[in-house]
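One-based numbering along the sequence shown. Both ligands and their constituent atoms are indexed starting at 1 by order of listing.
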Amino acid sequence: MRDTLVLNASFEPLSTVTLNRAVVLVLQDKAVVEQSHPALRVRAAAVDLPVPRVIRLCRYVRVPFRRQAPWSRRGVLVRDQHRCAYCGRRATTVDHVVPKSHGGADSWLNTVASCAEDNHRKADRTPEQAGMPLLHEPFVPSPADAMLLGLRSGERAALPDWLAAQPAA
Ligand SMILES: [Zn+2]
């Protein structure tokens with residue numbers, strides 16, 4: 001089962017927690033269920049609750065510092081939904097828009113998902129040189145994007161222990 005998304009009291013996505021943790025937070029009145037699985041229910045000793053997909057904290061949690069998601073090849077593929085930036089077909093490789101040999105960086109703005117054929121065809125050229133325009137511009141995922149995409153953003157460390165703690169189940 002997938003983790004439950006936690007929204008701040010302000011509805012801003014904060015983190016994900018395990019289902020067990022989400023249920024505990026709701027039972028402790030620290031969070032309310034915003035969305036639940038239509039047919040699934042949690043049943044335990046004295047508990048009967050719809051399985052939460054999204055919960056929202058009752059009290060606003062201040063998150064002082066949010067780090068940008070670190071660049072990774074997997075992250076680029078996830079960000080681009082495994083679609084090739086040149087032809088839109090399924091992508092399995094990461095292409096450097098400005099090739100590394102021309103000083104192009106391993107960065108969110110310089111990399112796109114690419115199918116193996118287009119990556120090979122573009123080779124050591126820029127999109128202009130190769131006559132292969134990008135279907136969309138690469139972007140830096142926001143902390144919320146990164147979390148929704150399941151990218152590690154390092155922001156969990158900034159959350160209070162009671163929220164991130166794993167139950168001793
Ligand atoms: Zn392609």
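The SG atom of Cys87 and the SG atom of Cys84 subtend an angle of 110° at the Zn ion (ligand 1), given to the nearest 10 degrees. One finds an angle of 110° at the Zn ion (ligand 1) between SG on Cys115 and OD2 on Asp118, to the nearest 10 degrees.
In summary, Arg121 and Asp118 engage in a salt bridge, as defined by a charged side-chain N under 4.0 Å from a carboxylate O.
Atom CE in Met132 sits 10.5 Å away from atom OG1 in Thr126 (nearest 0.5 Å).
Taking 2.8 Å as the threshold, Glu117 does not count as a candidate ligand of the Zn ion (ligand 1), since none of its N, O or S atoms lies below it.
No donor-acceptor distance shorter than 3.5 angstrom exists from the side chain of Arg53 to the backbone of Val33, with no hydrogens or angles considered.
The two atoms that bring Thr111 and Val97 nearest to each other are N-CG2, 4.3 Å, heavy atoms only.
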